[in-house]
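Report on one structure; see the data block that follows.
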Protein chains: 2
Amino acid sequence: MQSGEYTVGQLATAARTKAVTIRYYERQGLMRIPTRTPGGYRIYRSDDLDRLLFILRCRHFGFSLENVRELLQLADQTDAPCAEVDAKVARHLDEVRERLAELQSLEAELQRLSRCCAGGGIVKDCRIIESLSRDIGNSKTPACTP
Amino acid sequence: MQSGEYTVGQLATAARTKAVTIRYYERQGLMRIPTRTPGGYRIYRSDDLDRLLFILRCRHFGFSLENVRELLQLADQTDAPCAEVDAKVARHLDEVRERLAELQSLEAELQRLSRCCAGGGIVKDCRIIESLSRDIGNSKTPACTP
DNA sequence: CTTGACCTTATAGCAACTATAAGGTGCATC
DNA sequence: GATGCACCTTATAGTTGCTATAAGGTCAAG
Ligand SMILES: [Zn+2]
Ligand SMILES: [Zn+2]
Ligand SMILES: [Zn+2]
Ligand SMILES: [Zn+2]
């Protein structure tokens, strides 16, 4: 091990991730196949750290591993127009906003459900259980009027 | 097959779900073990439909199957206090709000990333790729656990 | 009695890891 | 040189809530 070289564990520490994750990324074709010591240990260099950090930043932004793979390829073609990159980010942003809207409506529904029951009663009279037991979605009379 | 009885497919249709889902819920201990025809077909009755609809409503509210299992048990003890039910719903609402907050901050970050690049350039100069290649939030590198 | 829609089970796959087992390496210390 | 220990290796299974496939059996209509 020379200076500027890392074992998988050292690379993991440097990137604040775990060795298993790095091996997993290798199997998934995100990390390059590293050289090995005579004993079979993986040896990484600083460009591997760069690549790993790129991957982790993409993950932090919620990109799927497949998207990350594509982003890595795009990032390598430095002279190509970046329109595809920009589009990928924009599309992902759209997806996140969609999930956000869904989660917001879930939160509202769940809050309504939660407020159904005043507490202190028994299951037989619990408006929450009642709401879960009948079709609130199609009911004319809403189960809960908070 | 008498009236008021369902095969798994008919039950699925009645609940607007799929037969495989019902069998899966049975394996997971959510649906009761049904009786069978001499040929081995599952036979369901209207209380099975009620139970299935209860499960599906819980799923609609985002409860995990484990939570649904517990809610089913709680719902069966009609004379017990409903505090546990109420607490389960409240806890789930908290989790949803937590996810919501994470998703909101992700949306903001992603919007900032998206706006980095004006478009029309090449990858080499793309601020998005640059952002993904450098430590933008460099004061802290939060390891996002989604 | 054949057709065809439906049913049965078992098994594998998805995403992105996490956990476990069983063993090998590298380096410091005795 | 032997030992100990932290770290490395691979393979395999588990997580969640389904979905897909294969290979076969049942039921009711025509
Ligand atoms: Zn209650
Ligand atoms: Zn809804
Ligand atoms: Zn962040
Ligand atoms: Zn760009």
Side-chain angles (χ1 to χ4, degrees), chain A residues 1-3 5-31 33-44 48 52 55-72 92 95-96 99 102 106, chain B residues 1-3 5-31 33-44 48 52 55-72 92 95-96 99 102 106 143-146:
Chain A
M1 270 295 133
Q2 300 178 351
S3 77
E5 295 186 341
Y6 311 81
T7 66
V8 70
Q10 291 165 345
L11 190 69
T13 302
R16 292 194 201 157
T17 184
K18 293 177 193 167
V20 279
T21 302
I22 296 172
R23 288 189 211 110
Y24 176 70
Y25 288 165
E26 181 185 325
R27 279 202 303 283
Q28 299 306 309
L30 298 175
M31 288 297 286
I33 305 291
T35 57
R36 301 272 183 146
T37 66
Y41 281 28
R42 288 170 177 80
I43 304 171
Y44 294 102
D48 294 307
L52 178 57
I55 295 167
L56 292 173
R57 279 182 211 113
C58 292
R59 292 291 300 133
H60 172 78
F61 282 111
F63 288 100
S64 69
L65 292 191
E66 195 188 338
N67 277 349
V68 178
R69 226 186 329 259
E70 292 159 0
L71 283 169
L72 280 166
H92 182 52
E95 286 163 13
V96 167
R99 287 213 311 271
E102 283 169 14
L106 176 60
Chain B
M1 268 295 134
Q2 299 176 350
S3 79
E5 295 188 340
Y6 312 81
T7 65
V8 69
Q10 291 165 347
L11 190 70
T13 303
R16 294 202 197 137
T17 183
K18 292 178 192 167
V20 281
T21 303
I22 296 173
R23 288 189 210 110
Y24 176 69
Y25 288 165
E26 181 185 323
R27 279 202 303 284
Q28 300 305 309
L30 298 176
M31 287 299 284
I33 306 291
T35 57
R36 301 270 184 147
T37 66
Y41 281 28
R42 288 169 177 81
I43 304 173
Y44 294 102
D48 293 308
L52 178 57
I55 296 168
L56 292 173
R57 277 179 213 115
C58 292
R59 293 290 301 134
H60 172 79
F61 282 111
F63 288 100
S64 69
L65 291 191
E66 195 188 338
N67 278 348
V68 178
R69 226 186 329 260
E70 293 158 1
L71 283 169
L72 281 165
H92 182 52
E95 287 163 13
V96 167
R99 287 216 309 273
E102 282 169 15
L106 176 60
C144 242
T145 39

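Values below: all heavy atoms of this structure, side chains included; hydrogens, waters and symmetry mates excluded. Order of the sequence lines fixes the chain letters, A, B, ..., with proteins taken first and strands second; residue numbering starts at 1 for each chain.
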Between [atom2] of [N] and [atom1] of [X], the distance in whole Å:
X	N	atom1	atom2	answer
B/Glu5	C/dC6	CD	P	19 Å
A/Leu56	C/dC17	CG	P	9 Å
B/Ile22	C/dC6	CD1	P	14 Å
A/Leu52	C/dC17	CG	P	11 Å
B/Arg36	C/dC6	CZ	C1'	14 Å
B/Leu11	C/dC7	CG	C1'	14 Å

- Query: Does the side chain of B/Tyr25 come within less than 4.5 Å of B/Thr17's, by heavy atoms?
  - Reply: no
- Message: I want to check one thing: is the phosphate of D/dT9, taken as OP1 and OP2, less than 4.0 Å away from some side-chain N or O of A/Arg42?
- Response: yes
- Task: Please check the phosphate of D/dC7 (OP1 and OP2 only) for any side-chain N or O of A/Arg23 closer than 4.0 Å.
- Result: no
- Query: How would you list all residue pairs meeting salt bridge (Lys or Arg N to Asp or Glu O under 4.0 Å) that involve residues 34-44 of chain B, not counting sequence neighbours?
  - Reply: B/Glu26-B/Arg42
- For the helix from C/dC1-D/dG30 to C/dC30-D/dG1, how many degrees between its two end axes (five pairs per end), to the nearest 10°? 30°
- Considering residues at least two apart in sequence or located in another chain, which fulfil the salt bridge (Lys or Arg N to Asp or Glu O under 4.0 Å) criterion with B/Glu66? none
- Query: Residues two or more places apart in sequence or in another chain: which of them pass salt bridge (Lys or Arg N to Asp or Glu O under 4.0 Å) with A/Glu5?
  - Reply: A/Arg45
- Note on the structure: Across all chains, not counting sequence neighbours, the side chain to side chain donor-acceptor pair (under 3.5 Å) partners of A/Glu70 are A/Lys88
- Item | Spacing of OG1 belonging to B/Thr21 relative to CZ belonging to B/Arg59, to within rounding of 0.5 Å | 10.0 Å
- Message: Checking B/Tyr6 now: which residues fulfil ring pair (Phe, Tyr, Trp, His ring centres under 6.0 Å) with it, not counting sequence neighbours?
- Response: none
- Message: Once ring pair (Phe, Tyr, Trp, His ring centres under 6.0 Å) is applied, do any residues pair with B/Tyr41, and if so which ones, sequence neighbours excluded?
- Response: none
- Is there a donor-acceptor pair under 3.5 Å between the side chain of A/Arg23 and the backbone N or O of A/Val8? no
- Item | Annotated protein contacts, base or backbone, on nucleotides 11-30 of chain D with a non-hydrogen cut-off under 4.0 Å, one of B, S, - each | ------BBS-----BBS---
